[in-house]
**Student:** 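If you scroll down you'll find the structure; I have some questions about it.
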Protein chains: 2
Amino acid sequence: MATGRSHRPATRSRGIPEATVARLPLYLRALTALSERSVPTVSSEELAAAAGVNSAKLRKDFSYLGSYGTRGVGYDVEYLVYQISRELGLTQDWPVVIVGIGNLGAALANYGGFASRGFRVAALLDADTALAGRLVAGLPVRHIDELESIVADNQVSIGVIATPAGAAQEVTDRLVAAGVTSILNFAPTVLSVPDGVDVRKVDLSIELQILAFHEQRKAGEDDRQEPDGDVPAVMPA
Amino acid sequence: MATGRSHRPATRSRGIPEATVARLPLYLRALTALSERSVPTVSSEELAAAAGVNSAKLRKDFSYLGSYGTRGVGYDVEYLVYQISRELGLTQDWPVVIVGIGNLGAALANYGGFASRGFRVAALLDADTALAGRLVAGLPVRHIDELESIVADNQVSIGVIATPAGAAQEVTDRLVAAGVTSILNFAPTVLSVPDGVDVRKVDLSIELQILAFHEQRKAGEDDRQEPDGDVPAVMPA
DNA sequence: ATGTCTTTGTGAACGCGTGCACAAAGATGG
DNA sequence: CCATCTTTGTGCACGCGTTCACAAAGACAT
Ligand SMILES: NC(=O)c1ccc[n+]([C@@H]2O[C@H](COP(=O)([O-])OP(=O)(O)OC[C@H]3O[C@@H](n4cnc5c(N)ncnc54)[C@H](O)[C@@H]3O)[C@@H](O)[C@H]2O)c1
Ligand SMILES: NC(=O)c1ccc[n+]([C@@H]2O[C@H](COP(=O)([O-])OP(=O)(O)OC[C@H]3O[C@@H](n4cnc5c(N)ncnc54)[C@H](O)[C@@H]3O)[C@@H](O)[C@H]2O)c1
C-alpha cells in the first residue's frame, strides 16, 4: 500500500473476502507442515503449490491480512502461522458439542484433527438412552436433555449435527435456543436458522452427485451415443 | 429461448454453470421429498424455499436444463426429478470403492444415502491385513493390493479416500493408474492428479475453522477489547 | 554505495454468479 | 372468445473472485 500506510491496520480484519477466509485454513495447514520441518521462510510460489492454489491469489489473500512478507525473500513461516491462527480465531479454545453419536458422530468424536486446532469436544449428545453413559473416544455420551445446561455451562458456541435428517431441524432449534451460533450440519437437510447464526454443511451425497455429473460428461465425450427412448411418458402439463 | 426452440436440446447439457450443477442435488432432494408426498406440481417459489435458495436463481438454473415449467402453474415434480437425475447421471449405476476402512470409512460404508442414488459400493479396501475379510456394512474388507483388479473388473470410476493423510496421495496415484477418474477425498491433504481427473474434498477441520472465524467476529462486535500485547516477538525478517 | 536479482503487493481487466424486475406464456373462469 | 391472474424465463446490472502483469521494495554481493 503506497498511500497512507498506517502502522495498525486495526479494522481491516473487517472485509476479508469470504473466499479468502475459506482458503486460510489451507494455507495454515501447509505452513504448519513447513514449520514442523523447521523451514524458516517460504515464497508465495512454493506455498501456493503446497496449498494447491494460484500464487497471485495467495499473495492477494495475504494482503488482506497485512504486509507480512519480505520482498525478495518470502514469508516468515512462524510469523504467518501465528497471524493466520489469530485471524481465524484459533488462538482461543472453542468448545464444541456433537449431537447424534451414531456411525458418523462416533467417527467425528474419534477424529484427532478436532483437538489439534483449538477445538475441544465439550460433550457428546444422543437421544438414545441406551447410549447414555457409554464411552466414545474417552468421553461419556450424555442424554440430549442435558443439551441446554451443557451449552450454557461450557459456553459452547459451535454445534455439530450428526443425527438423522428428520431430527436435524429440531436439534438445531434447541442448539440455537441454548445459545449456539455456529452449526456444522452433516445431515442431508436444509436448516433454517435466525439471523446471526452460521450454518455450514457437509454432504457426501451431494459431492458424489457432482462427481457423477462430470463423470457422465467425460464418458459422453468419447462415445456419444445417447440411450434415447428412455424418456418416460410423463410430460409437463 | 423463444427463437428456434428445438425439440431435443441435445448438446445444451454442455455449458451448465458449475454453481448450478452444485445446486441440482439440492433441488433433487427437495423434489424427491415432494414426490414421496405425491405432490404433482410445485412453483419455483415453493421449491426454492424448500431448497433454501432464491427463486430467481432456481428458475435460471432450470432454464439451463430446458423449459420444463408451465407458466401459471409451476413444475411437474416427477418430470423434473427425472430430468435432473438424468442430467446428473443418476439414471445409471456408479460403482464406488472406499479406501481406508477406519472410523470414518466404516461410517461411510454404513451410510444409506450411498445406495439410494445410484451409487453402489463395489468394494471396501484397507491396507491393514487384520481387517481383511471382516464384514463392514455387509461387505468384506478387501486388501489394498486387490485395488487394481477390483477397479478394472467393476469398471469403477469413482473412488472415496478415507485413509490417513500420509497415505492419501499414494492411494490416489494407484486409483488413477487403475482407471478411476473421480475422487472424493476425506483426508486433510492436497491431492495432485493428472488432467481429466476430478477431485472433491470434504474437510471437517476447514469447515470448523471457517465457523470459528465468523464466531470470533461476532464476539468482537460487542465487546471490542483486543487482547493486544499478545503478539510474539517474532517479526518478519 | 551501487547494481543486480528475487519476490512481494496490487492495479486493472475479465468472467462468473446473483438477484431484480418484467414481458410473455398460458391456465382458468366467465 | 376474452379477460384476468399466476408464474415462468430471462435481460440486465452489479458485485465478487480470479488472474495477469509489473512497478517497487528490499536482500545480497561487490
Ligand atoms: N455415516 C455417514 O458416512 C454419513 C455420511 C454423510 C451423511 N451422513 C448423515 O449423518 C447423519 C448420521 O449418520 P449416521 O450414519 O451416523 O446415522 P446413525 O443412525 O448411525 O446415527 C444417528 C444417531 O443420532 C441419534 N439421534 C436420533 N435422533 C436424535 C435426536 N433427536 N437428538 C439426538 N440424537 C438423535 C440416534 O440415536 C443415533 O445414535 C445422518 O443424517 C446421515 O444422513 C452420514
Ligand atoms: N474420523 C473423522 O471424523 C474424520 C473427519 C474428517 C477427516 N477425517 C480424515 O479421514 C481419514 C480417516 O479417518 P479415520 O478416523 O477413519 O482414521 P482411522 O485411522 O480410523 O482409519 C484409517 C484407515 O486407513 C487404513 N490405511 C492406512 N494406510 C492405508 C493405505 N495406504 N491404503 C489403504 N488403507 C490404509 C488404516 O488401516 C485404517 O483402517 C483421515 O485422513 C482423517 O484425517 C476423519
Side-chain angles (χ1 to χ4, degrees), chain A residues 1-6 9 12 14-24 26-27 31 34 39-77 79-80 83-84 210 235-237, chain B residues 1-6 9 12 14-24 26-27 31 34 39-77 79-80 83-84 210 235-237:
Chain A
M1 255 293 110
T3 52
R5 175 183 176 191
S6 64
R12 193 184 339 67
R14 217 157 311 262
I16 295 185
E18 191 57 34
T20 296
V21 173
R23 281 188 295 268
L24 291 181
L26 227 52
Y27 302 145
L31 285 164
L34 291 172
V39 177
T41 62
V42 64
S43 71
S44 65
E45 205 71 47
E46 293 168 311
L47 186 54
V53 302
N54 179 293
S55 70
K57 197 190 298 190
L58 178 143
R59 288 197 297 278
K60 184 148 288 188
D61 284 342
F62 287 173
S63 79
Y64 294 117
L65 308 183
S67 292
Y68 295 147
T70 305
R71 293 171 192 230
V73 176
Y75 298 90
D76 182 282
V77 171
Y79 188 67
L80 206 43
Q83 289 298 342
I84 294 179
I210 295 172
M235 278 295 288
Chain B
M1 226 316 97
T3 53
R5 176 186 178 187
S6 65
R12 192 180 342 63
R14 218 157 309 263
I16 296 186
E18 191 57 34
T20 295
V21 173
R23 280 187 295 268
L24 291 181
L26 227 52
Y27 302 144
L31 285 164
L34 290 172
V39 177
T41 61
V42 65
S43 71
S44 64
E45 205 72 47
E46 294 168 311
L47 186 54
V53 304
N54 179 292
S55 70
K57 197 189 301 188
L58 177 143
R59 288 196 298 277
K60 185 150 290 186
D61 283 342
F62 286 173
S63 78
Y64 294 116
L65 308 185
S67 292
Y68 295 148
T70 306
R71 296 173 191 228
V73 175
Y75 298 91
D76 183 281
V77 172
Y79 189 68
L80 206 43
Q83 290 299 342
I84 294 179
I210 296 172
M235 278 295 288

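Treat the numbers as computed from the prediction; the structure is a model and nothing was measured. Residue numbers start from 1 in every chain, and the chains themselves are labelled A, B, ... in the order their sequence lines are given, proteins ahead of strands.
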**Student:** Can you tell me how far the CG atom of B/L24 sits from the CD atom of B/Q83, to the nearest 0.5 Å?
**Tutor:** 11.5 Å
**Student:** Any idea which heavy atoms bring B/S55 and B/A48 closest together, and the distance?
**Tutor:** CA-CB, 3.5 Å
**Student:** Find the distance B/I16:CD1 to C/dC16:C1' and express it as a whole number of Å.
**Tutor:** 16 Å
**Student:** Has the side chain of A/K60 got a donor or acceptor that lies under 3.5 Å from a partner of the other kind on the base of D/dG17?
**Tutor:** no
**Student:** Which nucleotide, C/dG9, C/dG17, D/dT18, lies nearest any side-chain atom of B/A19?
**Tutor:** C/dG17
**Student:** Does the ring centre of A/Y68 sit less than 6.0 Å away from the ring centre of A/F62?
**Tutor:** no
**Student:** Under 3.5 Å, which N/O atoms of the protein pair with N/O atoms of nucleotides 5-7 of chain D?
**Tutor:**
{"residue": "D/dT7", "atom": "O4'", "partner": "B/G72", "partner atom": "N", "Å": "3.0"}

**Student:** Rounded to the nearest 0.5 Å, how far apart are CG of A/L47 and CG of A/L58?
**Tutor:** 5.0 Å
**Student:** Measure the shortest side-chain to side-chain distance between B/D76 and B/T70 over non-hydrogen atoms and say whether it is less than 4.5 angstrom.
**Tutor:** no
**Student:** Consider the side chain of A/E18, meaning its heavy atoms from C-beta on, and name the nucleotide among D/dG9, D/dG17, C/dG17 that approaches it most closely.
**Tutor:** D/dG17
**Student:** Show the nearest heavy-atom pair for residues A/L31 and A/V77, with the distance to one decimal.
**Tutor:** O-CG1, 3.6 Å
**Student:** By a strict heavy-atom criterion of less than 4.0 Å, which residues belonging to residues 45-57 of chain A are in contact with DNA chain D?
**Tutor:** A/N54, A/A56, A/K57
**Student:** By the salt bridge (charged side-chain N to carboxylate O under 4.0 Å, His left out) test, which pairs, at least two apart or in different chains, include something from residues 52-65 of chain A?
**Tutor:** A/R23-A/D61
**Student:** In the structure I gave you, are the side-chain heavy atoms of A/L80 and A/Y27 within less than 4.5 Å of one another anywhere?
**Tutor:** no
**Student:** In whole Å, I'd like the distance from the OH atom of A/Y64 to the P atom of C/dT8.
**Tutor:** 17 Å
**Student:** Quickly work out the B/D61 CG to C/dG17 P distance and round it to whole Å.
**Tutor:** 10 Å
